[in-house]
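Accompanying notes for the structure given below.
Read the numbers this way: they start at 1 and go in the same order the structure lists the ligands and their atoms. Heavy-atom basis, side chains included; hydrogens, waters and symmetry copies ignored.
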Amino acid sequence: MILVTGGAGYIGSHYVDYAHKKGSEIVVLDNLVYGHAEAVKDSATLIRGDMGDPKLLDELFTQYKIEAVIHFAAYAYVGESVKDPAKYYKNNTVCTLAVLDAMLRHNVNNFIFSSSCATYGNPHYIPMDEAHPQDPINPYGETKFFVEKILKAYSRAYGLKYTALRYFNAVGAAPDGHIGESHDPETHLLPLILQTALGKRDSISVFGTDYDTPDGTCIRDYIHILDIAQAHDLAMQRLQSGGESAFYNLGTEKGTSVREAIVACEKVSGKPIKVKEEPRREGDPPRLVASAAKAKSELGWKPAYDDFEEIIRTAWEWETHRRY
Ligand code: UDP
């Protein structure tokens, strides 16, 4: 049995669905503050609770035969992390310690962690590989970076085995449209553009048009959620067959600008999208593009989605038939 924290959230629920279809048995622990029970109703046992509660964790580890933990649970609003860092340090870092300590108490050794390209901070070079210096520029990125450091120390001291996966921009939805992205509030570019195409919003704000990029807008590496799910599955197999602890970037290795994203969404949706040019959003690096060579060679990761429009089509299918 695999314990998946935050399994009812956007990235977690797509992993749970993927792993369930491959035959894994999963217990999801989620406080449902941002997660959706509906997202895992057919694919896992859902326990609603707080991952920082050692008593609950002991009960879970005792009741279910947990062999490994995949840890998605975290708050993930960069802007909020600047305004309320305490919330982020407590939830994302301190509560993660509670999960790791429960693993040690119950002799569970394999841990997969949702890390982020936000641990790198401003890019020194592009594409960014795993050796890129890590100097996060906001508390959210710091919480992920702290956990990476904790993992290294726990591994040295207690023999914990981990894989930390540094996601670039997770996007898209299950192609059959039964689960997808649903944040409240929504702050991410792609769902906001598609909701504008659907007429749910008046316009899409473009944050910054004077960056040193070909069209002046920020460039990101948008990776499909099922490719992220696949990487977790491969990372789990690798750990369970004795692989060493490691860090991997997950990205497409291609950059897409905000303007390019809007044009692609217009094409996929067939609707005109009204754009509002706005000042830069604080803390946005101009360009983030992954090198994912390490995940490809060591995990055997083969992302299935490398065409940006195809990725958007899955998100569009979800946005037009959302269930939650
Ligand atoms: N962005 C934008 N308008 C929006 C939301 C995002 O122009 O309404 C830009 C943002 O500045 C960034 C990119 O889109 O350059 C991706 O932002 P998102 O919040 O989706 O992900 P992030 O890269 O911050 O994790």
Side-chain angles (χ1 to χ4, degrees), residues 9-11 34 72 74-83 88 92 114-123 126-128 132 136-145 165-173 180-198 200-225 228 249-266 273-290 308 311-312 314-316 318-319:
Y10 171 45
I11 303 178
Y34 292 117
F72 293 97
Y75 293 143
Y77 291 110
V78 170
E80 185 186 50
S81 82
V82 176
K83 291 197 186 88
Y88 278 71
N92 294 8
S114 294
S115 190
S116 167
C117 64
T119 61
Y120 295 123
N122 285 316
I126 296 286
M128 302 160 92
H132 187 285
I137 55 171
N138 51 59
Y140 167 73
E142 283 177 339
T143 64
K144 297 284 177 179
F145 185 46
L165 299 172
R166 295 178 186 149
Y167 317 146
F168 281 64
N169 288 57
V171 291
E181 184 165 13
S182 179
H183 293 114
D184 185 15
E186 187 53 80
T187 61
H188 294 107
L189 181 68
L190 274 199
L192 291 176
I193 301 175
L194 295 176
Q195 288 166 19
T196 309
L198 272 176
K200 292 184 179 168
R201 296 172 189 269
D202 285 344
S203 60
I204 179 72
S205 297
V206 174
F207 297 141
T209 53
D210 58 349
Y211 284 100
D212 185 16
T213 58
D215 67 17
T217 65
C218 283
I219 290 175
R220 293 289 180 272
D221 182 337
Y222 296 97
I223 174 79
H224 195 271
I225 193 88
I228 293 181
N249 284 342
L250 300 180
T252 60
E253 310 188 302
K254 286 187 200 156
T256 304
S257 75
V258 174
R259 285 198 206 280
E260 286 169 340
I262 295 169
V263 169
C265 288
E266 280 185 323
I273 294 166
K274 197 170 147 204
V275 168
K276 220 166 120 196
E277 295 191 357
E278 307 249 19
R280 293 181 178 196
R281 189 174 70 176
E282 209 186 321
D284 270 342
R287 203 187 280 257
L288 293 173
V289 181
F308 186 61
I311 292 176
I312 292 176
T314 67
W316 177 243
W318 164 252
E319 276 303 340

Query raised in the report: Which heavy-atom pair separates F168 from V289 by the least distance, and what is that distance?
Result: CE2-C, 3.8 Å
Query raised in the report: Who are the residue neighbours of ligand 1 when the rule is a heavy atom under 4.0 Å from any of its atoms?
Result: N169, T187, H188, L189, L192, I204, S205, V206, F207, C218, R220, Y222, V258, R281, D284
Query raised in the report: Where does the angle between the aromatic ring planes of H183 and Y77 fall among parallel (under 30°), tilted (30 to 60°) and perpendicular (over 60°)?
Result: perpendicular
Query - Donor + acceptor pair across side chains of E80, Y140 (<3.5 Å) - result: no
Query raised in the report: Judged by modelled atom types alone, do Y167 and S114 share a side-chain donor-acceptor pair under 3.5 Å?
Result: yes
Requested in this report: Determine the minimum heavy-atom distance between C265 and L194, stating which atoms define it.
Outcome: SG-CD2, 3.7 Å
Query raised in the report: Could you give all pairs that pass the salt bridge (charged side-chain N to carboxylate O under 4.0 Å, His left out) test and reach residues 208-220, with sequence neighbours left out?
Result: D210-R280, R220-D284
